[in-house]
Amino acid sequence: MRTNPLERVRHLHADAATARPGGRTARVGEAVIDATLAELGDVGYAALRIDSVAERAGVSKTTIYRRWGDKAGLVATAFIERQSEIAPPPDTGDLREDLLLHLREVREVLYTPWITALVREVGPRSSDVTGVREVLDKIWPERFRLSRAIFARAVERGDLPADIAPGFLLEALSGPLYFRWLMLGQPLSDEFLERTADLVLDGTRTGQGAGAHPDASEEAPST
């Protein structure tokens with residue numbers, strides 16, 4: 001019976017909470033997580049091997065299997081460890097600046113090799129990556145929900161009408177970056193970010209795409 005990777009992640013955090021700061025357990029965990037992300041960035045998820053991670057981290061593969069269970073649990077834990085600090089986007093007081101700040105953060109994420117590798121390979125829902133998906137489906141929706149605060153604050157300031165669809169606008173804002181980088185392999189220049197932000201802003205001002213739409217779900221999307 002397959003173990004839920006979320007339970008393995010919780011167990012790991014329990015270990016970390018009781019480990020001495022700077023102790024061997026903490027050092028081993030940090031070394032393995034670093035090695036996992038480096039390996040993931042180099043070869044991707046499908047080609048990642050526990051043996052290679054162990055060699056890179058300077059530990060035995062038995063240690064990894066005992067603590068993280070399998071590849072899915074290891075990669076899921078690495079993702080959570082590096083994405084654990086999830087907070088609402090900063091409020092600049094200006095909608096366009098908020099949008100640009102969000103887009104810069106998305107660009108930074110996409111420019112991280114191991115995240116790009118994970119997003120590319122875990123895109124389709126397949127049985128091979130179910131374990132990792134269970135964790136990603138807990139993280140991405142929360143990030144999506146918090147990012148919608150950009151538009152909620154704009155409504156409070158009177159910059160946008162109250163009947164906007166923040167989820168749809170956020171998809172319209174972030175989607176072009178994923179398509180351009182992951183599908184076309186084109187750079188995400190400052191000019192491209194500005195044009196994307198302005199396109200969404202123009203839509204909200206003209207009323208095209210700003211209001212609720214029957215095809216635009218306000219639920220956080222599954223990635």
Side-chain angles (χ1 to χ4, degrees), residues 33-48 71-72 75-76 78-90 92 95-126 128-151 165-204 208-209 215-217 219-223:
I33 295 301
D34 287 344
T36 300
L37 299 183
E39 195 71 15
L40 186 63
D42 286 348
V43 305
Y45 179 81
L48 186 144
K71 181 169 72 172
V75 172
F79 189 91
I80 281 186
E81 288 292 306
R82 292 297 185 266
Q83 297 289 303
S84 59
E85 296 183 4
I86 303 177
T92 67
L95 179 55
R96 186 175 189 272
E97 287 303 312
D98 283 351
L99 297 185
L100 287 173
L101 182 59
H102 171 76
L103 291 176
R104 293 185 193 110
E105 291 176 349
V106 172
R107 177 174 62 182
E108 183 178 353
V109 168
L110 291 176
Y111 276 5
T112 303
W114 67 268
I115 293 182
T116 294
L118 197 59
V119 171
R120 279 179 172 151
E121 292 193 54
V122 185
R125 290 184 174 272
S126 67
D128 292 339
V129 294
T130 298
V132 178
R133 270 212 162 278
E134 289 177 2
V135 175
L136 295 185
D137 285 347
K138 296 292 184 181
I139 296 175
W140 287 132
E142 178 64 9
R143 296 183 68 90
F144 183 86
R145 183 186 69 80
L146 290 174
S147 294
R148 286 166 56 184
I150 294 173
F151 298 103
F168 177 72
L169 290 175
L170 187 59
E171 291 174 15
L173 179 69
S174 305
L177 275 67
Y178 285 84
F179 183 83
R180 183 175 176 86
W181 179 246
L182 298 176
M183 301 298 292
L184 301 180
Q186 297 296 316
L188 305 175
S189 65
D190 288 340
E191 180 187 4
F192 180 76
L193 301 191
E194 291 174 2
R195 289 173 61 191
T196 301
D198 289 338
L199 182 64
V200 172
L201 281 175
D202 288 344
T204 64
Q208 299 299 315
D215 295 330
S217 171
E219 296 297 324
S222 296
T223 55

Looking at His102 and Ser174, what are the two nearest heavy atoms and their distance?
->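 Distance-wise, the nearest heavy atoms are NE2-OG, 2.9 Å.
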Nearest heavy atoms of Thr36 and Ala78, plus distance in Å |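 Thr36 and Ala78 have their closest heavy atoms at CG2-CB, 4.1 Å.
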Euclidean distance, [Y] [atom2] relative to [X] [atom1], rounded to 0.5 Å:
X	Y	atom1	atom2	answer
Ile150	Leu173	CD1	CG	7.0 Å
Leu99	Leu199	CG	CG	11.0 Å
Arg148	Leu170	CZ	CG	8.0 Å
Glu171	Phe144	CD	CZ	4.5 Å

Close side-chain approach of Phe151 to Asp98, heavy-atom, < 4.5 Å =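 When only atoms from C-beta onward are counted, Asp98 and Phe151 do not touch, as no gap falls below 4.5 Å.
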For atom CD of Glu108, is the number of surrounding heavy atoms from other residues, nucleotides or ligands below 6.0 Å larger than 12?
->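 For Glu108, atom CD is not crowded (no more than 12 foreign heavy atoms under 6.0 Å).
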Spell out, as yes or no, whether a donor-acceptor pair under 3.5 Å connects the side chain of Thr116 to the backbone of Pro113.
->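 Not at all, since once roles are kept as given, no pair shorter than 3.5 Å links the two residues.
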Less than 3.5 Å apart, which donor and acceptor atoms pair up between the side chains of residues 184-195 and the rest of the protein, not counting sequence neighbours?
unit_1: Ser189; atom_1: OG; unit_2: Phe192; atom_2: N; d: 3.1
unit_1: Asp190; atom_1: OD1; unit_2: Arg107; atom_2: NH1; d: 2.9
unit_1: Asp190; atom_1: OD1; unit_2: Arg107; atom_2: NH2; d: 3.0

Pair Leu110-Ile115, side chain to side chain contact (heavy atoms under 4.5 Å, CB included): steps then yes or no = CA-CA 7 Å; Leu110 291 176; Ile115 293 182; 5.6 Å; no
